J.: 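Have a look at this one.
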Amino acid sequence: MRNLLLLLFTFTLISQGHGDSDGSSRASDSEIQDVSEVLYILDSNKASASELIISPQTLIDQSDSSTKNDQSPLPLFAYVNEASLFSKPTYAAFIALLDNYEKKTGVSENFSSAEVQEQENFLKQTMKNTELGRELFSFFYTKGYYRSWEEFLYDLRMMWFGLYSRSSGSLDSSGFEHIFLGEIKSGKVSGFHNWVRFYLQEKSRLLNYYSHSYDGPWTSYPDVLGMQFMWDGYYKQVGSALIGSSPEFDLAVFTLCYVTRPGKNCRLSLGGKPLSIQTYTWDKNTYGNGKKYIASAYPITP
């Protein structure tokens with residue numbers, strides 16, 4: 001009887017996501033790579049070559065990225081078919097979130113009920129309403145990370161939109177803001193790893209693309225670019241982003257890596273080509289039963 005109770009207790013811990021310290025033992029590297037290939041195939045909302053044209057221009061050595069020189073006279077995004085791409089529900093839900101944040105750390109974030117609803121709609125559109133999102137949940141469910149859609153969506157909401165303080169003790173940041181929108185901290189650009197945000201800021205002349213230090217091996221979208229740029233007067237020395245991917249794809253692969261390899265180098269496979277995602281945990285605050293917010297996630301560029 002005692003052994004049976006111990007077995008049931010152990011199973012309960014595993015099913016609640018506490019059978020191991022960070023979840024790494026439940027999904028092997030090969031399983032993560034396999035599911036990332038499936039997500040890559042299922043990204044039906046990614047940009048096509050006729051919808052998106054980029055102009056990377058000057059390639060620099062990453063060791064020279066500290067030099068703040070604009071070496072590319074043209075914008076990075078030569079053409080984006082906004083009517084085709086941004087009318088899709090997941091893009092529209094993402095873009096609706098972009099005016100909800102203060103870019104500088106130290107300034108508290110306050111969300112209206114309408115803005116909270118926009119967060120909910122974003123998760124619904126990207127995860128519940130796409131085959132890609134349902135595939136990600138199926139993988140997590142099969143591996144024992146989540147027991148229900150409700151648990152998964154709650155964790156996504158807290159992991160990505162839960163607020164914490166990066167400066168002065170004010171609730172001024174979240175994983176979503178840092179990674180997808182970017183922030184200004186200590187006179188520098190921090191985060192900012194999303195191509196749609198980049199394009200819209202460049203279009204508004206708030207962002208000046210300088211050069212790139214890496215262009216991935218992919219000949220279709222999504223691609224990966226390592227970039228240098230000036231944003232509203234602040235410099236980003238080494239930045240990276242998936243280019244041409246849908247908002248749900250970015251959210252899915254970052255979440256996949258954060259849940260299975262939190263704070264580590266996470267190895268994916270996209271179209272038979274390797275890609276590593278680095279994630280970081282926010283260790284100063286927790287939510288729920290000791291879970292950690294996501295601090296950062298981005299593609300690693302050589």
Side-chain angles (χ1 to χ4, degrees), residues 47 51-58 60 65-83 85-87 90-112 115 118-119 122 160-161 166-167 170 172-215 223-247 250-251 296-299 301:
E51 293 174 313
L52 174 61
I53 299 172
I54 62 172
S55 177
Q57 300 166 79
T58 302
I60 67 168
S65 62
S66 60
T67 304
K68 301 178 183 180
N69 292 328
D70 183 358
Q71 302 187 48
S72 300
L74 301 176
L76 172 61
F77 289 94
Y79 173 74
V80 176
N81 189 330
E82 292 189 28
L85 286 172
F86 295 170
S87 62
T90 58
Y91 286 85
F94 173 71
I95 292 170
L97 294 169
L98 300 183
D99 62 356
N100 296 351
Y101 293 89
E102 300 287 344
K103 67 165 66 75
K104 289 189 177 181
T105 59
V107 180
S108 296
E109 301 290 355
N110 296 288
F111 302 124
S112 67
E115 289 171 338
E118 287 174 348
Q119 296 173 4
F122 174 71
W160 284 101
F161 293 105
R166 289 186 189 265
S167 177
S170 57
D172 60 352
S173 185
S174 67
F176 179 81
E177 179 185 10
H178 179 85
I179 296 164
F180 283 88
L181 279 76
E183 299 175 296
I184 304 299
K185 182 179 180 181
S186 302
K188 296 180 180 179
V189 179
S190 182
F192 205 131
H193 302 290
N194 180 261
W195 78 267
V196 175
R197 170 70 163 171
F198 192 107
Y199 162 71
L200 291 173
Q201 291 290 286
E202 186 177 61
K203 178 185 176 183
S204 299
R205 299 187 178 181
L206 294 172
L207 186 151
N208 186 9
Y209 170 71
Y210 275 17
S211 56
H212 71 288
S213 51
Y214 174 79
D215 190 353
D223 197 0
V224 176
L225 208 63
M227 302 169 289
Q228 294 71 47
F229 57 91
M230 190 72 75
W231 179 39
D232 203 17
Y234 299 92
Y235 187 56
K236 180 71 173 181
Q237 180 176 337
V238 181
S240 64
L242 291 155
I243 305 294
S245 51
S246 68
D250 284 21
L251 183 68
S296 191
Y298 55 84
T301 56

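Note that the numbering runs from 1 along the sequence shown for the chain. It should be emphasised that the depicted structure is a prediction, and the values quoted were computed from it without experimental measurement.
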J.: Mind checking what makes side-chain hydrogen bond (donor to acceptor under 3.5 Å, both in side chains) contact with D172, not counting sequence neighbours?
T.: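 Listed in chain order: nothing, the list is empty.
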J.: Specify the closest pair of heavy atoms between A241 and N194, including all atoms of both residues, with the distance to one decimal.
T.: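 Of all heavy-atom pairs spanning A241 and N194, the closest is CB-N, 4.1 Å.
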J.: Looking at H212 and T58, would you say the former's side chain and the latter's main chain have a donor-acceptor pair under 3.5 Å?
T.: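 Yes: the side chain of H212 pairs with the backbone of T58.
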J.: Angle between ring planes, F94 versus F122, binned at 30° and 60°: parallel, tilted or perpendicular?
T.: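 If you compare the ring of F94 with that of F122, the planes turn out tilted.
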J.: Calculate, to the nearest 0.5 Å, the distance between atoms NZ and NE2 belonging to K185 and H178 respectively.
T.: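 It comes to 9.0 Å.
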J.: Can you see whether Q228 engages S213 through a side-chain donor-acceptor pair at a distance of less than 3.5 angstrom?
T.: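 A donor-acceptor contact under 3.5 Å links the two side chains.
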J.: Compute the ring centroids of F111 and F161, then answer whether they are less than 6.0 Å apart.
T.: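 No, ring centres 6.0 Å or more apart.
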J.: Do the ring planes of F86 and Y199 sit parallel (below 30°), tilted (30 to 60°) or perpendicular (above 60°)?
T.: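 Rings of F86 and Y199: tilted, as their planes differ by 30° to 60°.
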J.: Hey, could you give me the CD1/OG1 distance between I184 and T105, rounded to the nearest 0.5 Å?
T.: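 Going from the CD1 atom of I184 to the OG1 atom of T105 covers 8.5 Å.
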J.: Under 6.0 Å between ring centres, would you say that holds for F229 and Y210?
T.: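 No, ring centres 6.0 Å or more apart.
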J.: For the pair W231 (side chain) and N208 (backbone), establish whether a donor and an acceptor sit closer than 3.5 Å, ignoring hydrogens and angles.
T.: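 Pair absent, no side-chain N/O of W231 close to backbone of N208.
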J.: If the condition is salt bridge (charged side-chain N to carboxylate O under 4.0 Å, His left out), which residues does D232 pass it with, not counting sequence neighbours?
T.: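 Salt bridge (charged side-chain N to carboxylate O under 4.0 Å, His left out) check on D232 returns K103.
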J.: Sub-3.5 Å donor-acceptor pair from the side chain of Q57 to the main-chain atoms of S55, do we have one?
T.: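 Yes; at least one donor-acceptor contact below 3.5 Å.
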J.: Hey, are the side chains of S72 and L74 touching, using non-hydrogen atoms and a 4.5 Å cut-off?
T.: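 Contact flag for S72/L74 side chains = no.
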J.: Look only at the side chain of Q201 and the backbone of F198, and say whether a donor-acceptor pair between them is shorter than 3.5 Å.
T.: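 Between the backbone of F198 and the side chain of Q201 there is no qualifying donor-acceptor contact (under 3.5 Å).
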J.: For L97 versus A93, what's the shortest heavy-atom pair and its separation?
T.: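 Of all heavy-atom pairs spanning L97 and A93, the closest is CG-O, 3.6 Å.
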J.: Excluding sequence neighbours, so at least two apart, what forms ring pair (Phe, Tyr, Trp, His ring centres under 6.0 Å) with Y234?
T.: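 For Y234 there are no ring pair (Phe, Tyr, Trp, His ring centres under 6.0 Å) partners, ignoring immediate neighbours.
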J.: Determine the minimum heavy-atom distance between R197 and L181, stating which atoms define it.
T.: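 Result for this residue pair: NE-O, 3.1 Å.
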J.: Rounded to the nearest 0.5 Å, what separates atom CD1 in I243 from atom CG in L76?
T.: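 Taking CD1 in I243 and CG in L76, the distance rounds to 6.0 Å.
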J.: Which heavy-atom pair separates S108 from S170 by the least distance, and what is that distance?
T.: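 In this case the closest contact between S108 and S170 is OG-CB, 3.2 Å.
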J.: Check whether S240 reaches the backbone of P299 with its side chain - one donor and one acceptor, N or O, closer than 3.5 Å.
T.: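 Yes, because the side chain of S240 sits within donor-acceptor range (under 3.5 Å) of the backbone of P299.
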J.: The criterion is side-chain contact (heavy atoms from CB on, under 4.5 Å); which residues satisfy it with N69, sequence neighbours excluded?
T.: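 If we apply the side-chain contact (heavy atoms from CB on, under 4.5 Å) test to N69, skipping adjacent residues, the hits are T67, Q71.
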J.: What about Y209 and F77, are their ring centers closer than 6.0 Å?
T.: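 No, too far apart.
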J.: Using the test salt bridge (charged side-chain N to carboxylate O under 4.0 Å, His left out), find all partners of E109 that sit at least two apart in sequence or belong to another chain.
T.: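 Not a single residue meets the salt bridge (charged side-chain N to carboxylate O under 4.0 Å, His left out) criterion with E109.
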J.: Using the salt bridge (charged side-chain N to carboxylate O under 4.0 Å, His left out) criterion, which residues pair with R166? Sequence neighbours excluded.
T.: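 In terms of salt bridge (charged side-chain N to carboxylate O under 4.0 Å, His left out), with neighbours along the sequence ignored, R166 is linked to E183.
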J.: Can a side-chain donor-acceptor contact be found between E115 and Y101 if the only test is distance below 3.5 angstrom?
T.: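 Short answer, no.
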J.: To the nearest 0.5 Å, what is the distance between OG1 (T90) and CG (L251)?
T.: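 Output value for this atom pair is 10.5 Å.
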